[in-house]
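Taking it in order: structure first as structure tokens, then the write-up.
Labels below follow one simple rule: chain letters A, B, ... track the order of the sequence lines, proteins then strands, and each chain is numbered from 1.
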Protein chains: 2
Amino acid sequence: MNHLFITPAARLQPRWQAAFPQATLAAVAPETDRLTPPPDIIWIVCEGEQQPLSAPLLEAVTRLSAESAVVVLANAPQQADALQALQAGARGYAHALSPVATLQQIATVVTNAGIWVPADLMAQVMGHTWQALNGEQRLRHALLDKLTEREREVALAVVQGASNKQVARTLNITERTVKAHLTSIFHKLEITDRMQLILKLADRAVNLPLGM
Amino acid sequence: MNHLFITPAARLQPRWQAAFPQATLAAVAPETDRLTPPPDIIWIVCEGEQQPLSAPLLEAVTRLSAESAVVVLANAPQQADALQALQAGARGYAHALSPVATLQQIATVVTNAGIWVPADLMAQVMGHTWQALNGEQRLRHALLDKLTEREREVALAVVQGASNKQVARTLNITERTVKAHLTSIFHKLEITDRMQLILKLADRAVNLPLGM
DNA sequence: TTGCTGGTTGTACTGCAGTCCAATATTTAT
DNA sequence: ATAAATATTGGACTGCAGTACAACCAGCAA
């Protein structure tokens, strides 16, 4: 197994040395075609505190991940960085101070077509999708189930931004009929206008908290 | 290493026996405090076809995951079930017929504070979160950045369903002024009315494809 | 048969949304 | 210092949204 550590530090950390005795070291990311043979795993170490994953490092991940499995080691792990790294092609993201056993574990997983992700990130991401897939979608279904077939068609059209006239044309009915259906919809869902309908179905709380 | 399999079956499958010769078996989930010491890994086996992850099993996952690492093995794996299991605290989810090597691999990952997730689920989930965190949120920011401070305030209020009159009251300006800001907003974002504003900012494509 | 639900349409009315044409004051950039 | 951008408001106008009050028809259950 062929390991290459990329880090500005002068020497390999004892931890890494212990995990992979035959590991080599480089100060900066080398050209891809210079590596013959390409290492099995390239470990890229982020030292920074604020912005661990700098642009050049991200670029290195993208470039190197074509030939080798890339794992990013961060001194100050951040979930946003992890996602960015994985998006760029990294096969793993972990704390730089992970114990030897974990490092070896990561190596095994990564070389076996696996992806190694920190548990907390995984939990958050999983929770997120679970919410997205179930929470909101089930809510929407519960609401739509209160409506008749025709009302559902009208509601779905309106929720996509259609005007009464447009809905009328696509459903081949009068604008007046569309209004009738809408009035019924509003009553059933206990709302007052199409804007609230959009906010209920297209919903998802317009949150701009930024960052994760 | 201490393994406990929970399954309605009378005996351990040969596969499991081979992977963990010292594994024990239980028909139902035991009380947590009866287990001294708690097993390192508890494998919960789902036999059902339609609804593999029944409510009592989920409850067992939640309860047992406090003491031991819990891995759910499904005869008919489903992504929704996997999400639910992980949400409940499971540390892994895999096919019940996974080969011996994989089972052992799972055991190692799970005992090293890792989480084992099927590759396809991982791919879908990662893509989803990335979209949610970057794609849309950055889009929203890009849009909001085109607006002036005051316009942003108006836009954010409108996007939450406020009428012009309401916005006027909360910002202490005339309804006429709100209209002026809105006209400017519409031009800048190249839209025609407040509904499209909601769909652009609250966005997220009202998709009801159902199922995963 | 009768009653109920769902789908359809009509007329008339109220009110909000959005635009056009201005106008004024403040701030910022050149 | 002059121009440009931003914030503010007025009046008048068009048009869509939504409601009230009704009416007709088809299918279905009691």
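Closest to the B:H181 side chain, of the nucleotides C:dC21, C:dG18, D:dT8, is D:dT8. Comparing D:dT6, D:dT9, D:dC16 by their nearest atom to the side chain of B:T148 picks out D:dT6. Nearest to the side-chain atoms of A:K179 among the listed nucleotides C:dA17, D:dA17, D:dG10 stands D:dA17.
When the P atom of C:dT8 is taken as reference, atom CD of A:E151 falls 10 Å away, rounded to whole Å. In this structure, A:N172 atom CG and C:dT8 atom C1' are separated by 13 Å, rounded to whole Å. With rounding to whole Å, A:I191 atom CD1 is found 9 Å from D:dG18 atom P. The interatomic distance linking A:M195 (CE) with C:dG18 (P) rounds to 8 Å, in whole Å. Distance B:N164 CG to C:dA17 P: 4 Å, rounded to the nearest Å. The CG atom of A:L182 sits 14 Å away from the P atom of C:dT9 (whole-angstrom rounding). Atoms CD1 (A:I185) and P (D:dA17) sit 14 Å apart, rounded to a whole Å.
As judged by a 4.0 angstrom heavy-atom cut-off over every strand, B:R150 is placed among residues touching the sugar-phosphate backbone only. Across all strands, A:E175 comes closer than 4.0 Å only to sugar-phosphate atoms, never to a base (heavy-atom distances). Counting any heavy atom pair closer than 4.0 Å across all strands shown, A:S184 reaches no nucleic acid atom.
Closest of all the heavy-atom pairs between B:C46 and B:V72 is SG-CG1, 3.8 Å. Nearest heavy-atom pair, A:L147 versus A:A155, reported as atom, atom and distance to 0.1 Å: CD1-CB, 4.0 Å.
The nearest heavy atom of DNA chain C to B:D193 and to A:L171 marks one nucleotide each, and the one closer to the 5' end goes with A:L171.
Considering only side-chain N and O atoms, B:T174 lies nowhere under 4.0 angstrom from the phosphate OP1 or OP2 of D:dT8. Taking only side-chain nitrogens and oxygens, A:T177 never comes nearer than 4.0 Å to OP1 or OP2 of C:dG7. Note on B:R176: every side-chain N or O is 4.0 Å or more away from OP1 and OP2 of D:dG11.
Each end of the helix from C:dT1-D:dA30 to C:dT30-D:dA1 gets its own rotation axis from five pairs of C1' atoms, and the angle between them is 40° to the nearest 10 degrees.
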Next item on the list: In sequence, state the C-alpha distance, the side-chain angles, and the governing distance for A:I41 and A:S68, and then conclude on side-chain contact (heavy atoms from CB on, under 4.5 Å).
Entry: CA-CA 6 Å; A:I41 301 184; A:S68 306; over 6 Å; no

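With a 6.0 Å radius and a threshold of 12 heavy atoms from other residues, nucleotides or ligands, B:K165 has its NZ atom at or below the threshold.
The backbone N or O of A:E175 sits nowhere less than 3.5 Å from a side-chain atom of A:R169 that would complete a donor-acceptor pair.
Considering B:W116, B:F5, B:W16 as possible partners of B:W43, the one that fulfils the ring pair (Phe, Tyr, Trp, His ring centres under 6.0 Å) test is B:F5.
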